[in-house]
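Have a look at the structure below, then the notes.
Start at 1 and go down the list; that is how both ligands and their atoms are numbered. Just so we're clear, the structure is a prediction, and the values are computed from it rather than from any experiment.
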Amino acid sequence: MMTEKRKSMHGQWSSRWAFILAATGSAVGLGNIWRFPYITGENGGGAFLCIYVLCVLLVGIPIMMAEVMLGRRGRQTPINTMRTLAREEGRSEWWQCIGWIGIAAGFLVLTFYSVVAGWTLAYVGRAASGFFNNTTAEDTRVIFTQLISNPKSLLIWHTIFMALTMMVVSHGVTAGLERTVRFLMPTLFIILIVLVGYAMTTEKFVDGLVYLFTPDFTKISATGVFIALGQAFFSLSLGMGAIMIYGAYLPQKTSIASTSCIIAFIDTFIAILAGIAIFPIVFTYALEPSEGSGLIFKTLPIAFGQMPFGQLIGTLFFLLLVFAALTSAISLLEPTVTWLIESHGMSRIMATLSSGMFAWLIGIGCLLSLNVWAGSTLFGLTFFDIIEGFTTNVLLPLGGLLIAIFASWLMSHKSTTEELALGNSTLFSTWKITLQYIAPIFVVLIFLNAIGLLKFGS
Ligand code: PFF
């Protein structure tokens with residue numbers, strides 16, 4: 001079948017910007033504002049940022065282009081897209097495993113993502129009720145600990161967030177998303193700038209910047225490099241079929257290269273802004289960069305408690321973060337839902353209900369592992385840590401690696417040039433060589449290094 005004739009049964013974006021907005025909505029979320037600062041703090045600051053940016057440039061952007069390209073060529077759910085393309089290219093149908101890995105990863109990420117989005121929801125109410133006025137670092141630690149040690153309230157917030165996600169997905173994602181993200185991104189950006197403005201007034205602003213921007217490679221371990229790679233996949237929404245499914249709704253004429261670069265740039269910029277806002281507060285208030293997953297919840301409330309209009313700005317910030325999480329969460333659920341619709345003939349509502357409820361159920365395991373099951377660990381890791389670590393650091397890079405191999409080695413030159421429409425330019429060759437050699441070698445080396453089969457770095 002000619003790709004021009006192939007149409008997605010789930011709709012199409014109205015324009016290139018609609019796609020950029022939706023994909024940015026998927027990329028920008030808790031990964032940038034919650035996860036990036038805390039893992040940067042756990043893995044040595046500047047050196048981690050350096051490696052992270054390298055991962056985005058050398059692995060993230062080329063794989064994002066490949067993922068969008070595969071999605072648009074197949075125009076179906078990732079599993080069916082990969083099966084169709086493998087057949088068209090005369091390759092084994094086993095390549096549909098890319099779709100399976102993606103669906104499994106996206107689904108598993110959603111389980112803990114919803115729990116953390118629930119923390120954010122809880123903080124909207126706290127910020128609005130003036131809870132953070134003149135709060136100290138000690139208070140913010142206590143407030144956060146109280147929240148995560150209370151399974152009932154975590155369950156309520158997790159349930160509300162998952163219900164919101166299911167509501168949006170059950171209506172079909174192309175409607176409404178564009179408008180939401182168009183408003184969301186600029187507002188989130190402005191609030192982050194306000195927070196950076198506050199950080200500039202703190203005593204240790206320069207220390208924060210030095211920490212974030214001066215790489216000290218003795219501070220990063222092999223595992224840190226591995227985590228940076230996983231974070232690049234997580235933050236750009238790669239290796240999960242989310243970008244592939246959005247690519248399936250992309251108009252044929254849109255340039256995949258420039259849109260991918262724009263999305264990666266916005267995503268990285270927002271993460272760095274969050275870092276600039278957070279680390280000066282960490283140092284000024286004698287918190288630890290390695291506070292862990294509660295980092296933003298322990299730092300930013302101090303800023304809101306002190307700045308003028310902090311109550312309003314804090315409420316808006318957490319509310320926007322909930323929306324940013326929502327636009328990401330719907331892209332996590334969408335691949336599973338479209339697969340149930342396409343392959344099992346379910347209605348959209350039934351598909352959303354069944355997959356959303358299943359993810360909600362596993363999410364309960366994640367939230368209980370923060371309190372009641374905190375003592376049940378495997379190699380020192382809780383259920384939450386295992387799901388977060390396994391999906392982000394293993395499944396996503398693995399999915400990405402297979403995507404890189406399929407797109408650059410197994411698809412014909414004709415198909416890739418036709419779809420990317422870069423001609424035989426240097427840009428196309430750079431993309432192809434990066435995907436054929438640099439990205440796979442990079443991913444494999446990092447993997448081997450992390451599991452101790454290779455030794456480089458400290
Ligand atoms: N990129 C999102 C974030 O940074 O919060 C999380 C995410 C969304 C990951 C969708 C993967 C995905 F498919």
Side-chain angles (χ1 to χ4, degrees), residues 21-40 52 55-56 60 63-64 67-68 70-71 77-78 98-99 101-120 161 165 168-169 173 177 181 184-185 188 192 227-248 260 263-275 293 296 320-339 355 359 387-400 403:
L21 286 168
T24 309
S26 166
V28 175
L30 295 171
N32 310 62
I33 292 168
W34 160 70
R35 198 167 192 276
F36 173 78
Y38 106 71
I39 58 168
T40 303
Y52 174 72
C55 290
V56 169
I63 290 187
M64 181 179 281
E67 221 180 302
V68 178
L70 295 174
T77 188
I98 292 179
I101 294 177
I103 288 206
F107 182 79
L108 287 175
V109 167
L110 182 61
T111 63
F112 73 82
Y113 204 81
S114 169
V115 173
V116 179
W119 305 349
T120 316
F161 184 80
T165 308
V168 180
V169 174
V173 295
L177 192 56
V181 182
L184 180 67
M185 287 305 145
L188 189 62
L192 282 173
I227 292 176
L229 178 75
Q231 173 65 10
F233 278 96
F234 185 85
S235 193
L236 296 171
S237 301
L238 297 179
M240 266 188 242
I243 289 293
M244 202 186 283
I245 195 89
Y246 279 3
S260 302
I263 297 160
F265 175 77
I266 300 177
D267 189 67
T268 310
F269 190 58
I270 298 237
I272 293 177
L273 273 186
S293 62
I296 67 159
L320 289 172
L321 192 51
V322 169
F323 274 99
L326 192 61
T327 55
S328 300
I330 54 189
S331 74
L332 286 167
L333 191 56
E334 178 73 2
T336 313
V337 167
T338 45
W339 170 66
S355 50
I387 301 241
E388 186 193 357
F390 177 68
T391 50
T392 311
N393 302 329
V394 180
L395 281 186
L396 304 191
L398 183 66
I403 287 172

| field | Phe107 atom CZ, over 12 foreign heavy atoms within 6.0 Å | value | yes
| Heavy-atom pair with the smallest gap, counting every atom of Asn32 and Ala274 |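 Reported closest heavy-atom pair: O-CB, 3.9 Å.
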| field | Plane angle bin for Phe112 and Trp34 - parallel if under 30°, tilted between 30 and 60°, otherwise perpendicular | value |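 Tilted, since the angle between the ring planes falls between 30° and 60°.
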| query | Would you call the rings of Phe269 and Phe265 parallel, tilted or perpendicular, where under 30° means parallel and over 60° means perpendicular? | reply |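 Phe269 and Phe265: parallel rings.
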| Test ring-ring contact (aromatic ring centres under 6.0 Å, His included) applied to Tyr113 and Phe161, step by step | CA-CA 10 Å; Tyr113 204 81; Phe161 184 80; 7.0 Å; no
| query | Do the non-hydrogen side-chain atoms of Phe233 and Leu395 ever get within less than 4.5 Å of each other? | reply | no
Nitrogen or oxygen contacts under 3.5 Å, ligand 1 side and protein side:
unit_1: ligand 1; atom_1: 1 (N); unit_2: Ser26; atom_2: O; d: 3.2
unit_1: ligand 1; atom_1: 1 (N); unit_2: Ala27; atom_2: O; d: 3.0
unit_1: ligand 1; atom_1: 1 (N); unit_2: Phe234; atom_2: O; d: 2.8
unit_1: ligand 1; atom_1: 1 (N); unit_2: Ser235; atom_2: O; d: 3.1
unit_1: ligand 1; atom_1: 1 (N); unit_2: Ser237; atom_2: OG; d: 3.0
unit_1: ligand 1; atom_1: 4 (O); unit_2: Ala27; atom_2: O; d: 2.9
unit_1: ligand 1; atom_1: 4 (O); unit_2: Gly31; atom_2: N; d: 3.3
unit_1: ligand 1; atom_1: 4 (O); unit_2: Asn32; atom_2: OD1; d: 3.3
unit_1: ligand 1; atom_1: 5 (O); unit_2: Leu30; atom_2: N; d: 3.1
unit_1: ligand 1; atom_1: 5 (O); unit_2: Gly31; atom_2: N; d: 2.7
unit_1: ligand 1; atom_1: 5 (O); unit_2: Tyr113; atom_2: OH; d: 2.4

